2 protein chains.
Amino acid sequence: MAATILVVEDDPSIRELLVINLESTGHRVIEASSAEEAEQLVTASLPDLILLDWMLPGRSGPQFAARLRENERTAEVPIIMLTARTDEQDRVTGLEMGADDYMVKPFSPRELVARIKAVLRRRKPQLTEDKVTVGSLVLDPVTHRVYANDETLVIGPTEFRLLHFFMTHPERVHSRSQLLDKVWGDHVFVEERTVDVHIRRLRSVLEASDHDSLIQTVRGSGYRFSATLT
Amino acid sequence: MAATILVVEDDPSIRELLVINLESTGHRVIEASSAEEAEQLVTASLPDLILLDWMLPGRSGPQFAARLRENERTAEVPIIMLTARTDEQDRVTGLEMGADDYMVKPFSPRELVARIKAVLRRRKPQLTEDKVTVGSLVLDPVTHRVYANDETLVIGPTEFRLLHFFMTHPERVHSRSQLLDKVWGDHVFVEERTVDVHIRRLRSVLEASDHDSLIQTVRGSGYRFSATLT
DNA sequence: GGAGTATTTCACACAATTGTGACAGTGATA
DNA sequence: TATCACTGTCACAATTGTGTGAAATACTCC
């Protein structure tokens, strides 16, 4: 559950408070004091989650959120809104604008951490530390291990991330470029065929326990992880 | 829902705005600043949708739209008109001229994206990722699978696209050249007989589940995909 | 029924895509 | 420094998909 979190908040003391709390929970934090600054950071590297103040100088929080939702690259980044208001109407507007959750200041660090965890669990399952199970295949992010039946599989870092992504996003075709974005990371430049090689490596790890058939080639489109054969 | 969109707009700043928004939504964009330039681009490669400014230097937007509608090859391309005017009369004229929708400047990027999505869904259903069902035949673009009853059919890339097109455009006759345009792509140079061969291949895939009769030959005209037997 | 078309079907060359093993570079570790 | 695990890329092999003629079959209209 170690995520990169962008904090957008103009009040330095509140920002500092957030940063300290988040870092102590093991997250990596980047900070912005305005929507404009935040936008630059988002362009440079995509965070896993955004904590966004409702009231910002210049462009407002909801406006910024709406803008993120319009852009395909940023549309899926979870957003938690922070507000001083208790107005129920604002809450509705915020959620309509595409926020995933909503926190009214002042909030306890415990609440903050809990909500972040909840949102990540829903929107970025591969970031959580939950065990993932597909059939008799179990992947444990905490111990960084993969079990097939009860055997432990020996698996490299990239293959681990690839398998984790597949297991948390099964039953759909992922193109090579999508896999590069999601598993290798945004803004990474490697050959698309590199995906094939790692698929191969992952398959040969899974072969030992006959799980290699879970990774299916979809000719002309990409790869699919699926429990149902064919 | 990744479409190729032609933007025809003479104001460079507005054009740039449109392009950025569209590209970030995953669309491919080509640009023209005049009707003449647009016409050349359309000749070179047919876009999936055209965003057309009402006021253009030289030939006007509505004139250009009318012209597109006259040509069989371009008659079916969806058009969204952009205008600064709010005049209701213009709106009517625009729609009469063959526009599919109409946007009054200034408009929000959100509105833009939403309208494009709506128009594509109506006019180019095979670009969306919705599951398509005809009788007991189900095609799922997300997993890239076709089910007949509960069996998964093994189907090649071209046959998949062909079936997807048929299922999203049922109950009407498609000539071989229309199929080549829509399934193979505009400006692809292959023999019309090739369609027959792929129809044959698709039919033999569907034969396994007795769905081959859905594809009907219309002598002298082409093929029709129909749930109601003739 | 038969001529004249229009489709269906088949086999095959070759194109395109994917699988695979080898290799060199990189960093971390001992 | 030597060793080791891991990565990305390449070349080549294996596999699968594609378009085309040509022959076989079906259909339509005298």
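Every value quoted in this text rests on a predicted model; they were computed, and no experiment measured them. Keep in mind that the numbers below use all heavy atoms, side chains included, and drop hydrogens, waters and symmetry copies.
Using a cutoff of 4.0 Å between basic side-chain nitrogens and carboxylate oxygens, D100(B) and R69(B) are scored as salt-bridged. Under 4.0 Å is where a charged nitrogen must lie from a carboxylate oxygen, and between R73(B) and D186(B) at least one such pair does. The pair D130(B)-R121(B) counts as a salt bridge, with a side-chain nitrogen and a carboxylate oxygen less than 4.0 angstrom apart.
Taking 4.0 angstrom as the limit, R200(B) places a side-chain polar atom (N or O) nearer than this to OP1 or OP2 of dC10(C). Here T217(A) reaches the OP1 or OP2 of dG19(C): one of its side-chain N or O atoms lies under 4.0 Å away. The phosphate of dT8(C) (OP1 or OP2) has a side-chain N or O of Y223(B) nearer than 4.0 angstrom. Put simply, W184(B) has no side-chain N or O that comes within less than 4.0 Å of OP1 or OP2 on dT18(D). The phosphate of dC10(C) has neither OP1 nor OP2 within less than 4.0 Å of any side-chain N or O from R201(B). When the side-chain nitrogen and oxygen atoms of R193(B) are compared with OP1 and OP2 of dG19(D), none of them lie within a distance under 4.0 Å. Contact annotation: T158(A) side-chain N/O to dT7(D) OP1/OP2 distance is under 4.0 Å.
dG19(D) atom C1' lies 13 Å from atom CZ of R161(B), rounded to whole Å. Rounded to an integer number of Å, the gap from E191(B) CD to dT7(C) P is 15 Å. What separates CZ of R176(B) from P of dT20(D) is a distance of 14 Å, to the nearest Å. Between D196(B) atom CG and dT18(D) atom C1' there is a gap of 15 Å when expressed in whole angstrom units. For the pair Q216(B) CD and dT8(C) P, the computed distance is 12 Å after rounding to whole Å. Spacing between atom NE2 of H144(B) and atom C1' of dT17(C) amounts to 14 Å, rounded to whole angstrom units. Put simply, NE2 on H198(B) is 15 Å from P on dT8(C), counting in whole angstrom units. Between the CD atom of E192(A) and the P atom of dC10(D) there is a distance of 13 Å, given to the nearest Å.
The shortest heavy-atom contact between E171(A) and A227(A) is OE2-N, 3.2 Å.
Residues V197(B) and E207(A) each lie close to DNA chain C; by heavy-atom proximity, the contact nearer the 5' end of the strand is made by V197(B).
A donor-acceptor pair shorter than 3.5 Å cannot be found between the side chains of R201(B) and T158(B).
Closest contact between the side chain of R219(A) and the listed nucleotides dT7(C), dT18(D), dT15(D) involves dT15(D). Nearest to the side-chain atoms of R203(B) among the listed nucleotides dT18(C), dT7(D), dT8(C) stands dT8(C).
Within the 4.0 angstrom heavy-atom criterion, only backbone atoms of the sugar-phosphate kind lie near E159(B); the bases stay farther away.
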